[in-house]
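Given the structure is predicted, the values throughout are model-derived calculations rather than measurements. Below, chains carry the letters A, B, ... as their sequence lines are ordered, and counting in each starts from 1. In what follows, every heavy atom counts, from backbone to side chain, and hydrogens, waters and symmetry copies are set aside.
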Number of protein chains: 2
Amino acid sequence: MDLPDFKSLTDQESPIYLQLYWRFRNAIATGKLAPGDRVPSIRSLASELNLARGTVEAAYQILSSEGYLIGRGPAGTIVSPQLDGRIGATTPVGSSVLRRPNQVKASGTRPLQLGLPALDAFPRKTWVRLAGRNLRSMNIGDMVNADSNGYEPLRRAIAAYLAVSRGIACTPDQVFVTAGYRGALELIRRTLFQHGDTGWFEDPGYLHARRFLEDAGMQLVPLPVDDDGLNVEAGLRHAVDARFAVVTPTHQSPSGVALSLPRRLALLEWAQAQRAWIVEDDYDSEFRYDGRPLPPLKSLDHGGRVLYAGTFSKVLYPGLRLAYLVVPEQEIGKFRNSVAQLGSSPVLFQATVADFMEQGHFARHIKKMRSLYAARRTYLVQALAQVFGELLHVPERAGGIHVLGYLKPKYNDKAFAAAANADGLAVMALSEWHIRRRSPIGLLMGFANIATPEQALQQVRRLRKALDG
Amino acid sequence: MDLPDFKSLTDQESPIYLQLYWRFRNAIATGKLAPGDRVPSIRSLASELNLARGTVEAAYQILSSEGYLIGRGPAGTIVSPQLDGRIGATTPVGSSVLRRPNQVKASGTRPLQLGLPALDAFPRKTWVRLAGRNLRSMNIGDMVNADSNGYEPLRRAIAAYLAVSRGIACTPDQVFVTAGYRGALELIRRTLFQHGDTGWFEDPGYLHARRFLEDAGMQLVPLPVDDDGLNVEAGLRHAVDARFAVVTPTHQSPSGVALSLPRRLALLEWAQAQRAWIVEDDYDSEFRYDGRPLPPLKSLDHGGRVLYAGTFSKVLYPGLRLAYLVVPEQEIGKFRNSVAQLGSSPVLFQATVADFMEQGHFARHIKKMRSLYAARRTYLVQALAQVFGELLHVPERAGGIHVLGYLKPKYNDKAFAAAANADGLAVMALSEWHIRRRSPIGLLMGFANIATPEQALQQVRRLRKALDG
């Protein structure tokens, strides 16, 4: 690998960081730097060239945002392995800033990516301090397999949080810490379901849960979703003897509607009468911008039929892979037996989340994010209105961290999503989330990482351009 | 909660730490300290009483080793919740040192516990330093879901390690980092197996893998194990059309025998002819004390039928829950698709293991452990010979981190194990690992945490006493 020649940063007309940027681009375009090559760290390059760190950082930032460089965390920064010869050395900077080469699978995030919290607003310093303390006090108990139902102080903190914030009365023994929502689904499946069991599933419904359950041999019965949420009556008519129902009552995934109270009660009544299980996926109830949410099914569950799942992926960060499941008291024994076969999540992160909750950082962070997300949602919704007008209909929703823009049926949302993603965005087609139904169609977009109205406009314009092809 | 009265540590005849010990015991026996109560940290108690930290630490150590106190990591130390009124205040120290109350479920380890590496010999400082560095450099890429097939530098380090130490030629793309061996099994199941598929399984064979696979709907065909390992001929006779075989060729789990070369070749030939899959669980090949091991099946696998699984649980520590799977090159695509549904392990630990390997700590640690374990194995084997004589037959084995002591058929190994475990030990009955067969019977014992010949003798005497009832 040849590094670019940095010795003559003499062009007095453009800022040093842009000169640096250009030298890297030239080095990549001419093959001096090959895909996969490691580049010097910001600190070492700044020290070598006797520049301020911020100067080098600015250059690296543009190079990264354009997809030339990819941060690999502790392994340093490398030239993007996905780069091919397409990128010329002569493209002017500016128009291409924030434009990534096609199909870059960044280790970071992409514009409009779904399912991510605001990573820029995460209290990283506090987190690193708490985790560092737990790391240094690692003892032998932490080195063997931890309690497979979860680290006790964390289960206690979760039970206290659910009591206060969601009106769910449960003991720490009812709480099981799992490796993400999928870990919770796997635990439920192993404990209560048989291969081939049928279950109600929202149509459209959460794509990853559907794939996971189908792959595990479950037979899903798709039920339509309308403005009152899952159509429970359709379930009673077509599959009254199903063994379970997987639902997102707070903000239906992906439509964002809330399941109405009469339907909640009908669902619980059905489960009670059939001795069926309700999996309540309360994945983003923390983020609600208007009014108060309806109480979760679990808080109305007097018959012990609801398995309540929450996650830290949306409130903290998804790489944590920590979620939790609250099981009915009479099922604790069964769940304990099966969780022992699944193993547990690392104690370090469980203990850090417990500290984060106990010390009040968790509640503070949620509160901050609530107003931040309300603002960021507005940035996106307004930009969509400005750029798309009536082409994209975005209904008001009370919560969540994504928006769903509906398209007229004459369009093809999958083709739109593919075009946008080929251009480096990360939207999803609503019809991907369909099981049997074919309408409505639309685009799912995350807004949590849109920092300013200008950025929203820029990303939405890019989206429009991709769709106009 | 009332803390013991520490203000008058005036008894000049016994050391301060023993006086402290006795005051805690009295406080617990008289109910001043209740099960679950938190006790002061070593530092704060030492500072309050103006004692050296080591003094308080020594007292806490005895109290912990006897089961009165339990460390909860960052949550502090508490009075064991499992304590009931049984423990009198007048038992003299000494005879009862290292004796835990019945049924204590320690968050640490129990004597003779299986499956643990030497936790006292783990290079904790180096580990904490490397992990701390990775923690502080956490970036946005680490906060979103990492590459679901594993952190690239770790996959590279594993491929390099396997090439050197096991003669396995594979690319980093063939390596999948999984959440423990069970994560590897789950990945294989989802990718290659159908519900109800039949597979060969060693009888006796690794208990947790058997339970996991049966629970996932696999039909296991038990095949006998003799001094040449799995009886492949029996498989060919009784279930030639099985879809897979799960084997532990290096040190059969639990017998410790090696699969003979002719049988290795017969097994590979069968898999090739039937297009069946071989899951090679190479769980502790790092620890071999005599001679060179036979090459792994994977290194002889020219037809791409072997899925090779290794783990960091035995070389580093089980709480990490990191293992890896090497898949045949032509199956990479399928595995990539299904691993995306399972999610990934935290980047922090993956990056730390990668650093640990790249910087040579890993190889050094294994080398050290090899001689340590050879010594510790001898401690246990000699103590067993001295205490049990001909009652327990312990064959010589070339490797592994547990020993298997065979009992005469007239005994009941399950009852023996239950008696020993009720007394706070952690041995397992060989017959628990049987599927169809009823003999031989015996006890499985871990030796990695036995620090001295005296400790071995003490633990084995305890075992004998428990068995003699």
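- Distance check, rounded to the nearest 0.5 Å: OG1 of B/Thr77 to CG of A/Asn139 gives 8.5 Å.
- Distance CZ/B/Arg124 to CG/A/Leu135: 8.0 Å, rounded to 0.5 Å.
- Of the two parts of B/Glu186, only the side chain, counted from C-beta on, holds a non-hydrogen atom closer than 4.5 Å to a non-hydrogen atom of chain A.
- Here the side chains of B/Trp127 and A/Met143 are not in contact, with every heavy-atom distance at 4.5 Å or above.
- The CD atom of A/Gln341 lies 7.0 Å from the CZ atom of B/Arg211; values are rounded to the nearest 0.5 Å.
- The CZ atom of B/Arg136 sits 13.5 Å away from atom NZ of A/Lys125, with the distance rounded to the nearest 0.5 Å.
- Looking at heavy atoms from C-beta onward, A/Phe349 lies in side-chain contact with B/Leu348 at the 4.5 angstrom threshold.
- Each of B/Gly343, B/Pro153, B/Ala340 has some count of heavy-atom pairs under 4.5 Å with chain A, and the biggest count is that of B/Gly343.
- In terms of heavy-atom pairs under 4.5 angstrom with chain B, the leader among A/Arg133, A/Glu358, A/Gln194, A/Met138 is A/Met138.
- With a 4.5 Å cut-off on side-chain heavy atoms, B/Leu342 and A/Arg182 do not count as touching.
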